[in-house]
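Have a look at the structure below before the remarks.
As a basis for the values below, the full set of heavy atoms in this structure was taken, side chains included, without hydrogen atoms, waters or symmetry mates. Chain letters run A, B, ... following the sequence lines, proteins first, then strands; residues in each count from 1.
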Amino acid sequence: MPVTVRLPGALRDATGGETKLIASGATLRDVIADIDRRHPGFASRVLDEGGALRTYVNVYIGEEDARSHGGVAAKVPEGSEVMVIPAMAGG
Amino acid sequence: MRGELWAKLESANPAGSVKDRAALWMVVAAEEEGQLGAGATILDATSGNTGVALAMVGAVRGHRVELCMPDKVSLERKRIARAYGASLVLTDPLEGTDGAIREAQRRAREAPDHYVYVDQYGNPANPLAHELTTGPEIWRQTDGRATHFVAGVGTSGTVVGVSRALRPRGVRIVAVQPDDALHGIEGWKHMATAIRPAIWDEAVADRHRVMGTEEAIAMTRRLAKEEGIFSGVSGGAAVAAACAVAREEAGRIVVLIADGGERYLSTPLWE
């Protein structure tokens with residue numbers, strides 16, 4: 001189930017410079033694992049040691065905050081857009 | 001610890017954060033220069049707190065305020081800014097505050113007669129506010145015995161201004177940044193990967209430290225439970241850095257806590 005994943009510039013170093021990727025997976029956990037297979041180390045940037053989203057990483061599936069739909073267990077409908085949002089810096 | 005910690009709680013300012021100081025001084029400077037005539041609108045890019053502060057100052061002094069702010073900043077800050085009467089332009093959250101800066105610059109370029117772009121990242125009134133208020137207050141409130149000042153770097157106005165006021169008195173300045181481009185310390189800038197504020201000058205600090213988000217969050221929660229200080233995560237980050245200084249050096253170490261935890265109640269910080 002292909003989905004589009006958009007990443008902030010702050011994660012560019014974890015994906016070989018890409019900020020827009022096509023990935024697949026039925027849940028957010030699967031999507032992150034799919035990206036991690038191609039870009040090892042990506043998952044550890046957004047997930048903590050327990051496999052949950054890091055407190056400061058916000059992920060939206062479409063307009064919905066993934067945390068409100070089970071966090072990494074949130075369903076990712078085919079064709080949807082997943083956005084990883086950074087903290088808002090400076091002022 | 002070898003040093004003692006004194007915290008300056010900027011949540012006690014009228015609109016709830018350290019940004020009230022820069023906002024007031026930037027607006028007053030624009031008024032004194034005759035820029036804020038009838039029909040003029042104050043414009044700036046903000047991650048939230050400066051926007052809230054500008055909105056409050058604009059409400060008090062009778063100016064319209066328009067704020068470029070990344071979509072997905074905490075709900076509280078958007079609602080508070082709107083409550084003070086500001087209008088918001090929400091920018092691509094993936095571009096963060098830098099995207100909001102670019103949008104504010106574009107609007108100011110296209111309608112220079114309509115907007116007064118106060119530009120907190122480049123406005124000398126920002127550090128001047130801290131040179132003339134924050135620094136002298138700290139000196140007075142510590143009975144002239146402050147030895148260190150620890151604060152995070154966002155626009156850098158606080159560190160630059162306080163340094164100008166207190167370094168000549170022998171106070172050592174410690175500037176702290178996030179340790180990674182992807183961080184959760186809202187309000188702080190990872191300078192190596194962000195648009196560099198024109199007012200920033202590394203030379204104003206005696207020491208530069210970095211802070212991780214996990215340690216900052218843990219300290220933010222600990223501050224509430226053990227000290228009764230309900231802070232935003234940047235306050236926890238600053239205190240964690242100040243504790244590291246206090247373990248290494250003796251003295252009266254002043255740490256600035258920029259805002260309160262209420263502003264983040266809708267975020268995972270307090271879940």
Side-chain angles (χ1 to χ4, degrees), chain A residues 3-21 28 32 35-36 39 41-74 80-91, chain B residues 18-19 22-23 44-51 53 69-74 77 92-101 120-121 126 152-157 177-178 180-191 193-195 197 200 213-214 216-218 233-234 266-269 271:
Chain A
V3 297
T4 303
V5 181
R6 294 180 67 205
L7 302 172
L11 273 173
R12 194 178 284 135
D13 62 324
T15 56
E18 292 182 71
T19 55
K20 188 173 181 180
L21 304 111
L28 181 58
I32 291 170
I35 297 173
D36 191 70
H39 301 287
F42 173 80
S44 67
R45 298 289 296 279
V46 296
L47 303 179
D48 64 20
E49 291 70 21
L53 285 173
R54 291 191 181 277
T55 308
Y56 55 92
V57 172
N58 299 310
V59 179
Y60 285 79
I61 301 168
E63 286 298 307
E64 299 293 321
D65 186 342
R67 278 198 176 80
S68 305
H69 297 273
V72 291
S80 58
E81 183 174 83
V82 176
M83 281 199 302
V84 180
I85 306 295
M88 299 309 162
Chain B
V18 67
K19 299 299 185 181
D44 209 357
T46 171
S47 61
N49 278 338
T50 300
M69 190 182 279
D71 199 2
K72 311 287 191 282
V73 300
S74 77
R77 281 180 285 187
D92 186 346
L94 285 167
E95 295 186 19
T97 311
D98 286 354
I101 292 171
Q120 58 169 326
Y121 302 94
N126 175 355
V153 181
T155 67
S156 77
Q177 290 184 40
D180 191 274
L182 183 70
H183 67 89
I185 307 174
E186 293 219 9
W188 286 19
K189 255 182 188 286
H190 184 255
M191 289 295 179
T193 57
I195 294 177
W200 176 226
T213 300
E214 302 291 359
I217 290 171
V233 71
S234 69
S266 68
T267 75
L269 177 64
E271 282 178 356

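Counting all heavy atoms, side chain and backbone alike, B/Leu94 lies closest to A/Met83 at CD1-SD, 3.8 Å. Considering all non-hydrogen atoms of both residues, A/Tyr56 and B/Leu182 come closest at CE1-O, 3.8 Å.
Neither the backbone nor the side chain of B/Asn126 has a heavy atom closer than 4.5 Å to any heavy atom of chain A. In this structure, chain A has no heavy atom under 4.5 Å from any part of B/Glu95. Residue contact with chain B, scored on non-hydrogen atoms closer than 4.5 Å, involves the backbone and the side chain of A/Arg45 alike. Interface remark: B/Asp98 contributes no atoms to any contact with chain A (heavy atom separation under 4.5 Å). Heavy atoms closer than 4.5 Å to chain B are found in both the backbone and the side chain of A/Arg6. Heavy-atom distances place no part of A/Leu53 under 4.5 Å from chain B, backbone and side chain included. For A/Val84, the part lying near chain B is the backbone, with the side chain staying farther off; criterion is any non-hydrogen pair under 4.5 Å. Heavy atoms of B/Ile101 lying under 4.5 Å from chain A are absent altogether.
For the set B/Ala181, B/Ala22, B/Ala53, the entry with the most heavy-atom pairs within less than 4.5 Å of chain A is B/Ala181. Ranked by heavy-atom pairs under 4.5 Å with chain A, the list B/Asp180, B/Thr193, B/Thr267 is led by B/Asp180.
One finds the CG atom of B/Asp71 at 7.0 Å from the CD atom of A/Glu63 (value rounded to the nearest 0.5 Å).
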